[in-house]
Amino acid sequence: MNSESTHDSARDSAGADFIRAIIDQHMVDGTYEGRVHTRFPPEPNGYLHIGHAKSIVLNFGIAEQYGGKCNLRFDDTNPEKEEMEYIQSIQEDVRWLGFEWDGLYYASDYFEQLYQFAETLIQKGLAYVCELSADQIRETRGTPTEAGSNSPFRDRSVEENLDLFRRMRAGEFPDGSKVLRAKIDMAAPNITMRDPVLYRIRRQHHPNTGDAWCIYPTYDWAHGQSDWIEGITHSICTLEFENHRPLYDWCLDALGAAVPNRPRQIEFARLNIGYTVMSKRRLLELVREGHVSGWDDPRMPTICGMRRRGYPPEAIRSFCRAIGVSKTNSQIDIAMLEFHLREDLNRRASRVMAVLDPIKVVIENYPEGKVEQIEAENNPEDPTTGTRMLPFTRELYIERDDFREDPPKKFFRLSPGSEVRLKHTYYITCTDVVKDPVTGAVTELRCTYDPESAGGSTPDGRKVKGTLHWVSAAHAVDAEVRLYDRLFSVENPSDQAAREDVDYKSFLNPQSLQVLTGCKVEPGLREATAGTTFQFLRQGYFCPDSRDSSPERPVFNRTVSLRDSWAKIEQGGGTA
RNA sequence: UGGGACGUCGGCAAGCGGCUAAGCCACCGGGUUUUGAUCCCGGCAUUCGGAGGUUCGAAUCCUCCCGUCCCAGCCA
């Protein structure tokens with residue numbers, strides 16, 4: 001079923017999560033006759049995000065692990081919010097993450113059957129057509145501490161209910177005028193069980209069924225039965241559905257579902273990550289109000305945003321596996337995500353040189369017009385990736401921050417009189433600093449090189465502490481580089497906003513995107529295409545932007561920076 | 001003040017009555033290094049929300065208490 005690419009790491013020695021423990025037990029006692037069938041059931045009302053990835057990895061991962069199946073099912077019971085655009089993007093994202101579904105279904109595929117089930121319910125005296133308005137239903141539902149009261153329509157005859165329900169379907173009544181309700185218990189302590197609505201009248205064009213229906217089932221009526229129809233064994237969902245499980249079971253019982261063909265609902269805690277928001281409502285809002293450039297803005301926690309940012313699917317998968325599955329409401333440290341990102345990229349990203357904030361270096365004793373080809377390894381973590389040639393000339397660019405006229409303690413990069421190594425090649429020594437006569441800003445560094453140091457070491461064996469990345473001025477390609485940072489400047493935007501009674505958007509990080517122009521990258525990068533993430537040596541991982549980059553005008557997104565212990569030293573030391 | 005669920009290191013998370021409470025991230029040292037990256041080595045909960053109790057023995061069982069989350073959509 002699933003592709004081999006998802007096997008990327010065996011489960012470690014830790015015990016299986018509680019869901020797998022339940023399945024293990026089912027395997028032992030034969031509850032489902034050895035069958036495991038899960039499903040990933042997104043509502044097509046938004047783009048998938050990293051929280052969905054957790055669920056995808058869980059559901060598809062379980063199917064794979066137990067030799068079972070996993071369906072992709074669109075939970076399209078509410079045509080008001082659902083769109084084709086989302087149906088497309090969701091499939092794209094699931095596939096990109098590396099999974100292939102066994103069956104592709106829509107809850108709407110079952111509308112007829114669901115309708116028939118509802119008639120069965122009516123016939124059993126377990127559902128009735130209620131004519132109370134939405135407001136009246138709310139008012140008679142009671143509160144957490146007070147029981148609700150019965151609807152005056154609760155005790156209609158089976159015949160009347162059947163007739164009314166059929167006429168609802170036939171379109172004889174206006175939107176919102178009637179609903180079908182389950183007849184359970186208006187005094188139930190669990191509010192979900194107080195005669196929940198099963199069908200509503202809504203003349204709304206449906207992306208899949210068009211105008212075939214004017215009544216639509218609610219989630220509660222559609223979900224469990226869809227699971228049942230598909231032969232799902234383990235219906236895994238998030239914690240907020242825990243209160244609905246009794247209803248899920250009630251529906252199945254009412255229809256006579258029994259093991260081994262009776263789905264079991266299991267709830268786990270949804271993923272939360274610091275410094276971002278995860279609800280589709282809020283993500284939609286950020287898109288609609290233009291706080292980000294779209295669902296695929298590289299700052300978004302959406303799958304498409306992360307893809308554009310340069311995350312490989314493997315990194316997302318290994319993160320999802322590492323965080324575990326439990327029922328504890330938790331929030332994962334963003335550092336955990338970044339760790340798995342770097343771990344993956346370190347292994348596979350080609351090393352290249354790019355100068356983000358260039359300052360010119362002129363090597364005075366290097367012949368004018370001479371061009372040497374320097375051999376550079378592509379990835380020290382993987383020698384099979386070979387080497388490439390890099391042009392070296394008298395005029396180069398290095399990182400402005402790699403030079404200090406007045407170097408702090410333990411700074412072992414370039415400063416007047418100091419000697420450093422240029423990565424893959426010569427040692428250079430700074431001999432003079434050229435400044436703008438009016439601003440005093442450093443505009444150019446004059447250096448000398450040691451011809452004996454070709455290849456990065458000298459016959460006399462002297463050491464240099466610093467190694468800098470560089471690019472030949474004449475050969476460098478100009479590029480735009482976008483540095484991304486966390487979307488929000490506080491760890492819990494939603495919680496904090498609620499506490500301080502302000503809008504969560506007031507915590508948007510104004511520094512979340514910094515655009516650098518005039519960056520100088522090595523020549524080969526002109527040909528780079530989206531989908532490949534590189535390591536810009538000593539800086540971080542970057543990828544060509546899938547929308548805006550072109551050979552004529554390369555644009556790179558910073559996926560994540562490299563860990564930087566010097567920055568820590570400098571910060572800590574400076575303030576101490 | 002109703003019901004449901006959850007509380008083990010800064011963040012995740014194993015543990016299911018009996019070795020000195022796994023592992024990962026973060027953090028703090030130290031080593032290697034032509035990326036101050038990677039890699040390697042070491043440190044990091046006498047304690048499991050709290051208080052009682054059962055037991056030879058409890059994070060694991062019982063009682064009470066405290067805290068957090070979810071539920072009053074014709075959303076999912």
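Only a predicted model underlies this, so the values are computations on that prediction, with no experimental measurement involved. Just so we're on the same page: letters track the sequence lines, and every chain starts at 1.
- Using a 4.0 Å heavy-atom distance criterion, A:Tyr199 is classed as making no nucleic acid contact.
- Between the side chains of A:Arg39 and A:His223, at least one donor-acceptor pair of N or O atoms lies under 3.5 Å.
- For the pair A:Ser565 and B:A37, the criterion of a side-chain N or O lying under 4.0 Å from OP1 or OP2 is met.
- A:Phe241 and A:Tyr248 have their aromatic ring centers separated by at least 6.0 angstrom.
- Here, B:C61 and B:G18 have their C1' atoms 14 Å apart, quoted to the whole Å.
- Atom CD of A:Gln571 and atom C1' of B:C28 are 17 Å apart (whole Å).
- In this structure, A:Leu422 places its CG atom 13 Å from P of B:U35, rounding to the nearest Å.
- Taking the C1' atoms as reference points, B:A14 lies 10 Å from B:U8, given to the whole Å.
- Using a 30° and 60° split on the angle between ring planes, A:Tyr449 and A:Phe392 fall in the tilted class, from 30° to 60°.
- Nucleotide B:C48 forms a pair with no other nucleotide shown, judged by Watson-Crick or G-U wobble geometry with both contacts under 3.5 Å.
- Ring pair A:His52/A:Phe40 is perpendicular by interplanar angle, where above 60° counts as perpendicular and below 30° as parallel.
- Rounded to whole Å, the distance from CD1 on A:Ile323 to C1' on B:A13 is 11 Å.
- Checking the phosphate oxygens (OP1, OP2) of B:A76, a side-chain nitrogen or oxygen of A:Thr77 falls inside 4.0 Å.
- In this entry the distance linking CG of A:Asn329 with P of B:G4 reads 17 Å, nearest Å.
- Checked by atom type, the side-chain pair A:Thr467/A:Arg421 shows a donor-acceptor distance below 3.5 Å.
- Using a 4.5 Å cut-off on side-chain heavy atoms (C-beta onward), A:Trp228 and A:Phe117 make contact.
- Separation of the C1' atoms belonging to B:C16 and B:U60 is 6 Å when rounded to the nearest angstrom.
- One atom, CG of A:Asn379, and another, P of B:U33, lie 20 Å apart when rounded to the nearest Å.
- For the P atom pair drawn from B:C48 and B:G43, the interatomic distance equals 23 Å after rounding to whole Å.
- Within the 4.0 Å cut-off from OP1 or OP2 of B:G3, not a single side-chain nitrogen or oxygen of A:Arg194 is found.
- Side chain A:Gln535 to base B:U35: a donor-acceptor pair is found below 3.5 Å.
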Salt bridge (charged side-chain N to carboxylate O under 4.0 Å, His left out) evaluation trace for A:Asp495 with A:Arg499
CA-CA 6 Å; A:Asp495 291 353; A:Arg499 247 182 286 120; 5.2 Å; no
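- The separation of B:C39 from B:U32, taken at their C1' atoms, amounts to 8 Å, rounded to a whole angstrom.
- Using a 4.0 Å cut-off, no side-chain N or O of A:Arg563 falls inside it from OP1 or OP2 of B:G36.
- Ring-base stacking between A:Tyr219 and B:A76 is not satisfied when judged by a centre separation under 5.5 Å and a plane angle under 30°.
- For RNA chain B, the neighbouring residues in residues 332-345 of chain A, judged by any heavy atom under 4.0 Å, are A:Ile332, A:Asp333, A:Ala335, A:Met336, A:Phe339.
- Counting heavy atoms of neighbouring residues, nucleotides and ligands inside a 6.0 Å radius, atom CZ of A:Arg282 exceeds 12 of them.
- Between A:Tyr47 and A:Tyr86, the gap from one ring centroid to the other is short of 6.0 Å.
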Let's go through A:Val361 and A:Ile363 carefully: what are the C-alpha distance in whole Å and the side-chain angles of both, what is the deciding distance for side chain to side chain contact (heavy atoms under 4.5 Å, CB included) to 0.1 Å, and is it a yes or a no?
CA-CA 6 Å; A:Val361 167; A:Ile363 302 173; 4.2 Å; yes
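- Counting non-hydrogen atoms under 4.0 angstrom, A:Val325 reaches the backbone sugars and phosphates but no base.
- Within residues 459-469 of chain A, the residues having any heavy atom closer than 4.0 Å to RNA chain B are, in order of number, A:Thr467.
- With distances taken from any side-chain atom of A:Glu242 to the nucleotides B:C27, B:C74, B:A5, the minimum falls on B:A5.
- For A:Ile137, the side-chain atoms get nearest to B:C74 when compared with the rest of B:C28, B:C74, B:A76.
- What separates CG of A:Asp17 from P of B:C16 is a distance of 16 Å, to the nearest Å.
- Among the atoms of the strands shown, none is found under 4.0 Å from any heavy atom of A:Lys178.
- Salt-bridge annotation for A:Arg413 and A:Glu399: absent, with no side-chain N of the basic residue lying under 4.0 Å from a carboxylate O of the acidic one.
- Counting non-hydrogen atoms under 4.0 angstrom, A:Leu132 reaches a base of the nucleic acid.
- Using P as the reference atom, B:C24 and B:A45 are 14 Å apart when rounded to the nearest Å.
- For the pair A:Arg321 and B:C25, the criterion of a side-chain N or O lying under 4.0 Å from OP1 or OP2 is not met.
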Under 3.5 Å, N/O pairs linking protein and nucleotides 70-72 of chain B:
| from | atom 1 | to | atom 2 | distance (Å) |
| --- | --- | --- | --- | --- |
| B:C70 | O2 | A:Asn243 | ND2 | 3.2 |
| B:C71 | O4' | A:Asn243 | ND2 | 3.1 |
| B:A72 | O2' | A:Arg141 | NE | 3.4 |

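- Straight-line distance between the P atoms of B:G42 and B:A22: roughly 15 Å, to the nearest whole Å.
- Across all strands shown, B:U38 has no partner, as no Watson-Crick or G-U wobble contact with both distances under 3.5 Å is found.
- Counting all heavy atoms, side chain and backbone alike, A:Pro391 lies closest to A:Ser472 at O-CB, 3.4 Å.
- A:Phe411 comes within 4.0 angstrom of a base, heavy atoms only.
- Relative to the side chain of A:Lys568, the nucleotides B:C28, B:C74, B:G7 differ in distance, and B:C28 lies closest.
- Anti is the classification of B:G11, since its glycosidic angle lies more than 90° from 0.
- Ion pairing of A:Lys327 with A:Glu267 is present here, as a side-chain N (NZ or NE/NH1/NH2) and a carboxylate O approach within less than 4.0 Å.
- As rounded to whole Å, 15 Å separates atom P of B:G73 from atom CG of A:Asn78.
- Residue A:Ser108 forms a side chain to side chain donor-acceptor pair (under 3.5 Å) with just one option from A:Asp76, A:Thr77, A:Thr209, A:Asp75, and that option is A:Asp76.
- Below the 3.5 angstrom threshold, one finds a donor paired with an acceptor across the side chain of A:Arg413 and the base of B:G36.
- Spacing between atom CH2 of A:Trp566 and atom C1' of B:U35 amounts to 16 Å, rounded to whole angstrom units.
- The side chain of A:Thr145 has B:U1 as its nearest neighbour among B:C12, B:U1, B:U35.
- Within 4.0 Å of A:Pro380, counting heavy atoms only, lies at least one base atom of the nucleic acid.
- Searching all strands for a Watson-Crick or G-U wobble partner of B:G2 with both distances below 3.5 Å returns B:C71.
- Between A:Ser326 and B:A13 there is a side-chain N or O to OP1 or OP2 distance below 4.0 Å.
- Ring geometry, A:Tyr199 versus A:Tyr115: the interplanar angle exceeds 60°, so the pair is classed perpendicular (tilted spans 30 to 60°).
- As the counterpart of B:G7, B:C66 is assigned, both hydrogen-bonding distances of the Watson-Crick or G-U wobble pattern falling under 3.5 Å.
- Using a 4.0 Å cut-off between charged nitrogen and carboxylate oxygen, A:Arg347 and A:Glu314 do not count as a salt-bridge pair.
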